[in-house]
Every structure is written in structure tokens, then in C-alpha cells.
Visitor: 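The structure that follows is given in the form of C-alpha cells.
Proteins get letters first, then strands, A, B, ... in listed order; numbering begins at 1 in each. For clarity, every value in this text was computed on a predicted model and none was experimentally measured.
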Number of protein chains: 2
Amino acid sequence: MKVTINDVAKLAGVSMKTVSRVINNEPSVRKKTHDLVMAAVKELNYQPNLAARNLAGTSSYAIGLVYDNPNAYYVIDMQNGVLSRCRQEGYELVIHPCSYADDNMKNELKTMIRRSRIAGLVLTPPLSEQQDLIDELDEMNMHYVRILSGRGDNNDNSSCIYVNDFAAAYEITTHLLQLGHKNIAFICGDQGHKSTAERLAGYQQALADHHIEAREGLLYRGEYSFESGVEGAKELLKDGNTLGITAVMGGNDEIAAGALFAARLMNIAIPGELAITGFEDSPFSKQTWPKLTTAHQDNDEISQHAARLLFSKTRGARNQDKDICRIFTPSLVIRGSSDAETA
Amino acid sequence: MKVTINDVAKLAGVSMKTVSRVINNEPSVRKKTHDLVMAAVKELNYQPNLAARNLAGTSSYAIGLVYDNPNAYYVIDMQNGVLSRCRQEGYELVIHPCSYADDNMKNELKTMIRRSRIAGLVLTPPLSEQQDLIDELDEMNMHYVRILSGRGDNNDNSSCIYVNDFAAAYEITTHLLQLGHKNIAFICGDQGHKSTAERLAGYQQALADHHIEAREGLLYRGEYSFESGVEGAKELLKDGNTLGITAVMGGNDEIAAGALFAARLMNIAIPGELAITGFEDSPFSKQTWPKLTTAHQDNDEISQHAARLLFSKTRGARNQDKDICRIFTPSLVIRGSSDAETA
DNA sequence: TTCGTCCTTGACACCGGTATCATTAGGAAA
DNA sequence: TTTCCTAATGATACCGGTGTCAAGGACGAA
């Protein structure tokens, strides 16, 4: 039932240490020996015991995924992507949701790291933006990879994966401008999140490039939630839409869905009287009426890449590709909420 | 930086084994000794190393969550519930999504269990319904807790938590009947899932109790997806709704949202011309227009309970509460999709 | 052939806890 | 106080691997 490295060693007629070498792809093993051991491994269906490896080895066989994100779809995407690479590499994944607002967060995190002997961490926004957390991790010499909203502007590129929200927002805004919209409102997500700033900046830049003034009155500062989208739209469009708004950009799909809901409440036709756009291309952006124009973000690819990058770091410098730090730019997906033609 | 059990033992002036006893709440420790050790633990901020415990002990300090469910909200709810209890008990959670259709599933699962020395598993539907998987787990003497759709009708109550979909479907159907609906259609979820059968049975029982024939033509057998809801509603309501359907029950919220979408396509007013209901009370059931009448299922409570039950099993019989096996009945939530008053 | 070097391999301690069993201490009964 | 029994504690092996370092072997050069 339980096969240990010793059994394999006996069957192959070599020492335990040699089996260990083969399992871990260490150099300095004769091909003949390697094959011999592998045959024994296969025959016995040997599976190394993770606990023992973790205990004995310098580095462990588990990585952590840290997130503070209420968006279930996002979290699941991240988990699945990271997990699929973990399986390939024989690692375990320890998930660690933790509240950003909570002051005990860092202590909890440190506790987790110490208890489970984590080899590295994948940090997702907005936690990945917390400089004090990063500093702590640096201090304890922990490997990590950050998924960040940005344009590659960070100084520590080796550990960052960027999502270019700026470019995506620029593209969405341009799309609306090309449809003839002039008064485009924007419902922001959480203040303090980098993505909020980046998306807003992209929107403003696009307006500027088209010589349109970005009026403060067209901005609603909310958070990344459906409710916020409802509130924002109500506020922006109140009193019979005195501002003459013809398009509303939501900070993400949930906000956009909320705006859609509010428009419905106010008997405003979408997209006839008002265009609405989202961000992220969550599954439910295809389930609203009409479907949401949004920017597609390939979370699976992003998370897999994050895991790959992390593994290359934990394994040491030998195969640290130079170009492994990538910038992902979400791509515009036009649907019925901005363009009746594509409904 | 790194505090071992040895450090604690020295500081407290006792043996390592005694510290171990205190940490694990074993009997036969004098109160004075206990306090002495705990003081040392606190002072050094000692955290037991999970890998070492797993390796040395007979049972491990990790449990697994196994799921094959495309519903992100459901999975996240389960994870968070189980995780919160894990933290209280000092356990790790290893998540293990696995495809039910895949024949390699069981092998993968066994591999995982052997590698990580899992102490127990929480099984969610539909995987929890796979008898061959259960048999395998029994054979390898693995602890597990199943979350199942049902009414407590299983023979092995000690490891089951039931969600009474039958009662919930009965309640929803009754609600529609009381509103005066006679021709109530039902869009089923995946065939073979217990929940599909239970929900359908509840619907049929309610009709029977009201002396209404359950016509086969009012049934659409789909799967638990938005698309299926769209297709189902289109099919049921085709040709100007010759069947005279005035209400559609969706097998879950996604199906209901799809039906809502289809109704919109066909210019059918909700709830005026057609009532629609869902199941589960996912977050997006509050984000459709109109909001969905549905059955609220307390996933957080369910998953926490599952973890609690699992821990009581892995710890042995001493604190296995008798009444710990529970049946959760989702409760009716009336919203605008069935009743205009509550919009 | 002999020597030296580098490549392979093995022996053994050790990671940080727990299980087992022997030992000691404490308290009740005699 | 002594005796005896039980509860509390300690010593030590062990879980299943990896790190370290020393020994053995292959191979080219002299």
C-alpha cells in the first residue's frame, strides 16, 4: 500500500539518495541508473511523500495563493490556472484569502508561511499593491510573484505580471468616441486600487487625445460592486440626465451590470439612449440584457504565467528566462450594451 | 526566527513530549505544567511545523476539498466556509477540483491523497454522489463528509449533510400555485445529478398535492447553465406559447437567468406574462431584472458544518456528536421575477 | 600501466515533530 | 510512615525524505 523511497531503492538496487537524485532531476546521474530507478518507480507506482520532502528539504513543495477579492469568478480563474501548473510540477496549492482591511492580515500571513513552509506566493490585486506587505516578504526572503495593474512601470520587474488596464480603458473609451459619444461618464471602482487609477487614466487620456474635456461631474467614485453601479448610474443620470450623458463606462462588469439595472429602473433604453461598458469579461457579462461590451482579460493565462514565473524563481536562477515578465493587455469585446448591431 | 518545539521545551523546563501533549490537548497533563508550557509557547510565538506533524503523526493536519462544479460562487462559498474552520483548528486546506467525466479522476484523487497525507475530505455534489468514488474511499479507510441533495434518506448518515432540495422545490412550486399559476414549466439541470431529481420530485409532488397533472411537455431537460436556460425557455415558449405556460421554474439561478434572457428576446413581460424562479440564491439572482425569486441555500453554514463534522470524525469517536448530521432546507425568497409587488 | 581528476554513488546525520514504553512523582489507603 | 497504584513525565526510536561529505569508479593523460 505505502511505497517509500526505500522500497524503490531496493528494487532498483541503488541507494536511497540515488533515487532521490533521479526524482529531483539532479545532475550527475548516469543514464543507465536513471532508467533503472525510473523503471522501479513506475513499477511500484511510487509517490514521494510531500510532508517528508517539505521537512527534510530546504525548499518546500507548496506555494500559496493570496487574495482579497470578492469576485468569485476572478478567484476561481486564478486558482485553476495556478493549480494546473502546480500539478504539473508536483506542488500543492495552499489558498489564503485574507482581508486587506484587517490589521491582523500580515501576522496571519506570516503564520501561514511559517507553518506550511511555503516555497513562494502568488499575490493578486489589490493585495499585490500593498507595499508594506511586499517589504515584509522581502525581509523574510520569501519568493513571490505579483499580478498588478500597470504598464510595466514598476522597478522590480522580475516578480511582476502586469495587466494593462490603461490601454484597455483607452480602447473602450475610443470605441465609445467612435460611436459618436461625447459625454461619457465613468463609474470608478474602489479608491486606492491601482486598477481604478489605471482605468481612469486610460479613459482620461483617450478623451484628451480626442480633445474632449474630462469633466469631474462625469465621474462617480464608487467601488467594484453591483450596488455601486446602481448608485452611480442613478446619481449620474438623475433629474432627467441634465449632464447629457450618452455613455457610462463601468469600472468592472459588476458596476456595468448595476448601471444596466439602474437604467432599467429609470426606463432608459440600452444602447439606444445610453451605452454601457464593463471591464474584465466575467461570465455574467454575457448574461445581462443586453450583453456587455467589455475588455476581455485572460485570467487563466495570467495565473498560469504567474505560477510558471514563481517556479522559475524558486528553482534558482538557472532557468530564469529574461522575457518571462509579461504585460497582458485586455482586448475589447463589443457587445450589445454599446452597439445595437452586435446584440 | 524559527522556533521549534525544543526551544519551547527548554524555556518551560519540560520535555519535548510534554510540550507536544499540551499543544495537542492530550489528557494527563497537570494544569501547572500546561500553563507553564502555554506561557512559553506564547512568549516564543511558537507555531508547530505542519510538515513535521504530518510526517511523524498518524493523522495529518490537512483536509481536502473536492469539487467538480462550474459554479464559481458555490465553490468559493464552500472554500471559505471550510477554510474558516480549518484556521480555527490549525489545519491546512488542499483544494482539488476534478473533472467528474474524466476517468483519471479517481487515480488523480488517490495520488493526491497519498502525496499529501490528507486527514479527510469534504465532497461536494455532484462528486459526492459517485458511489464508486465512495467505495474507493471506504476501501482506503479515508475519512470524508459528503454534502448531498436529499432528505436524510441515505443509509450512512454519519458522513452526510443534506440539502433538502425536495422541500425547497415544493415550496417554490406552492408559491407559484398560490399566485394562481396552473401551467408551470420546469427546466431541469444536469441529468444524473441528485439535485435535479430532488428538485423535480418536489415540483411534481406539489403539483400532485394540488391536483394538477404534471405534464411531460412542461419539462425541459437541460443542464445547470445560463445557455441551457435560454434554450429551454425558447423551446417551451415557442410558437406563441401554445402550451399556455405562465410560469417557468429554473433548476438553478443560472437557468432562471437564461430563461429571463430568452423571455426578453421574445418580448415576454416578467412577471406580468410569465413568472420565473431560480434556485440557490446566487449573488447574481439579485442582479437580474427583475430580481429572481429563488430558494436561499446557506452555503457558508453548510460548508462550515461539513468541516466541523469532518474534524469530529478524524479526531475519533470521543466527541462525535449524535445530532451533528443535519439537513439544511433552503428557504423561499420572493422577488420580482414571480411577484411584481416585491420588485 | 599509473596517476590524477572529475563524475557517480553511498553512508549517515538531520529536518521537527509524534508514538511507545519505561520511569518517576503524587496521592490515597493501610 | 510505608505501600501501592495511577497519573504525569521523559528518553528514545522513528516518520520519509534531503544535505553533506567521503568513497568508489571511469576515463584521459603521462
Side-chain angles (χ1 to χ4, degrees), chain A residues 1-37 40-41 44 46-62 90-92 113-119 314-316, chain B residues 1-37 40-41 44-62 90-92 114-119 314-316:
Chain A
M1 187 69 195
K2 190 163 54 184
V3 183
T4 74
I5 200 170
N6 203 9
D7 302 327
V8 178
K10 271 186 208 152
L11 179 61
V14 297
S15 72
M16 277 167 51
K17 182 59 204 178
T18 299
V19 176
S20 171
R21 286 195 179 93
V22 172
I23 299 289
N24 293 294
N25 276 320
E26 287 177 29
S28 304
V29 175
R30 207 158 310 190
K31 179 157 191 331
K32 208 182 86 184
T33 314
H34 178 274
D35 294 345
L36 208 62
V37 171
V41 165
L44 297 173
Y46 167 69
Q47 294 291 343
N49 180 317
L50 277 180
R53 290 176 102 169
N54 288 344
L55 181 57
T58 48
S59 80
S60 80
Y61 287 81
Y91 275 66
E92 272 184 336
I113 292 167
R114 288 170 57 194
R115 286 177 84 111
S116 14
R117 282 253 192 119
I118 290 285
T314 57
R315 292 243 175 58
Chain B
M1 187 66 198
K2 189 162 54 184
V3 183
T4 73
I5 200 170
N6 203 7
D7 302 328
V8 178
K10 271 185 208 153
L11 179 61
V14 297
S15 72
M16 278 166 52
K17 181 59 203 177
T18 299
V19 176
S20 171
R21 286 194 179 93
V22 173
I23 298 288
N24 294 293
N25 275 319
E26 288 177 27
S28 303
V29 175
R30 208 158 311 197
K31 179 156 190 331
K32 208 182 85 185
T33 315
H34 178 275
D35 295 345
L36 208 62
V37 171
V41 165
L44 297 175
N45 188 23
Y46 166 69
Q47 293 292 343
N49 179 316
L50 277 181
R53 290 176 103 170
N54 288 344
L55 183 56
T58 49
S59 79
S60 81
Y61 287 80
Y91 276 66
E92 272 185 337
R114 288 171 59 192
R115 287 177 83 113
S116 9
R117 282 250 195 125
I118 292 285
T314 59
R315 282 225 188 61

Visitor: Roughly how many Å is it from CE in A/Met16 to C1' in C/dC15, rounded to a whole number?
Guide: 13 Å
Visitor: Please confirm whether the shortest side-chain N or O distance from B/Thr33 to OP1 or OP2 of D/dT9 is below 4.0 Å.
Guide: yes
Visitor: Considering just the side-chain nitrogens and oxygens of A/Ser28, establish if one lies under 4.0 Å of OP1 or OP2 belonging to C/dC7.
Guide: no
Visitor: With hydrogens left out and only the distance checked, is there a donor-acceptor pair under 3.5 Å joining A/Lys17's side chain and the base of C/dA11?
Guide: no
Visitor: Just the rounded figure in Å: distance from C1' of C/dC15 to CG of B/Asp7.
Guide: 14 Å
Visitor: In whole angstrom, give the distance that lies between atom CG of A/Asn24 and atom C1' of D/dT20.
Guide: 16 Å
Visitor: Quick one: does A/Asn49's side chain have a donor or acceptor within less than 3.5 Å of a partner on A/Ala51's backbone?
Guide: yes
Visitor: Is A/Asp35 reaching over with its side chain to a backbone N or O of A/Lys32, donor-acceptor style, under 3.5 angstrom?
Guide: no
Visitor: Nearest whole angstrom, please: distance from the P of D/dG16 to the CD1 of A/Ile23.
Guide: 15 Å
Visitor: Heavy atoms from C-beta onward define the side chain here; which of C/dT18, C/dG16, C/dT9 lies closest to that of B/Asn49?
Guide: C/dG16
Visitor: Indicate whether OP1 or OP2 belonging to C/dT9 is found under 4.0 Å from a side-chain N or O atom of A/Ser15.
Guide: no
Visitor: Taking side chain as C-beta onward, heavy atoms only, is B/Ile23 less than 4.5 Å from B/Val41?
Guide: yes
Visitor: Starting at NZ of B/Lys31 and ending at C1' of C/dA25, how long is that distance when rounded to a whole Å?
Guide: 20 Å
Visitor: Please confirm whether the shortest side-chain N or O distance from A/Ser20 to OP1 or OP2 of D/dT18 is below 4.0 Å.
Guide: yes
Visitor: When you check the phosphate oxygens OP1 and OP2 of D/dG17, does a side-chain N or O of A/Tyr46 lie under 4.0 Å from one of them?
Guide: yes
Visitor: Given D/dA8, C/dC15, D/dG17, which nucleotide is nearest the side-chain atoms of A/Leu55?
Guide: C/dC15
Visitor: Here's a test of your reading of the structure: between B/Ala52 and B/Arg30, which maps to the more 5' nucleotide of DNA chain C?
Guide: B/Ala52
Visitor: Taking only side-chain N and O atoms of A/Thr18, does any of them lie within less than 4.0 angstrom of OP1 or OP2 on C/dG10?
Guide: yes
Visitor: If I compare all heavy atoms of B/Tyr61 with all of B/Asn54, which pair ends up nearest, and what's the gap?
Guide: N-OD1, 2.7 Å
Visitor: Distance from B/Thr18 atom OG1 to B/Met16 atom CE, nearest 0.5 Å?
Guide: 10.5 Å
Visitor: Taking for each residue the nucleotide of DNA chain D bearing the nearest heavy atom, is the 5' side occupied by B/Ala56 or by B/Val29?
Guide: B/Val29
Visitor: Quickly work out the A/Asn25 CG to D/dT18 P distance and round it to whole Å.
Guide: 12 Å
Visitor: Distance check: side-chain N/O of A/Arg53 vs OP1/OP2 of D/dG17, anything under 4.0 Å?
Guide: no
Visitor: With no angle test and no hydrogens, is the base of C/dG10 tied to the side chain of A/Arg21 by a donor-acceptor pair under 3.5 Å?
Guide: yes
Visitor: Can you find a heavy atom in the side chain of B/Val14 that is under 4.5 Å from one in the side chain of B/Arg21?
Guide: no
Visitor: Scan B/Asn6 against the nucleic acid and name what it touches under 4.0 Å (heavy atoms): base, sugar-phosphate only, or nothing.
Guide: nothing
Visitor: Rounding to an integer number of Å, can you tell me how far A/His34 NE2 sits from C/dC7 C1'?
Guide: 17 Å
Visitor: Rounding to an integer number of Å, can you tell me how far A/Asn54 CG sits from C/dC15 P?
Guide: 16 Å
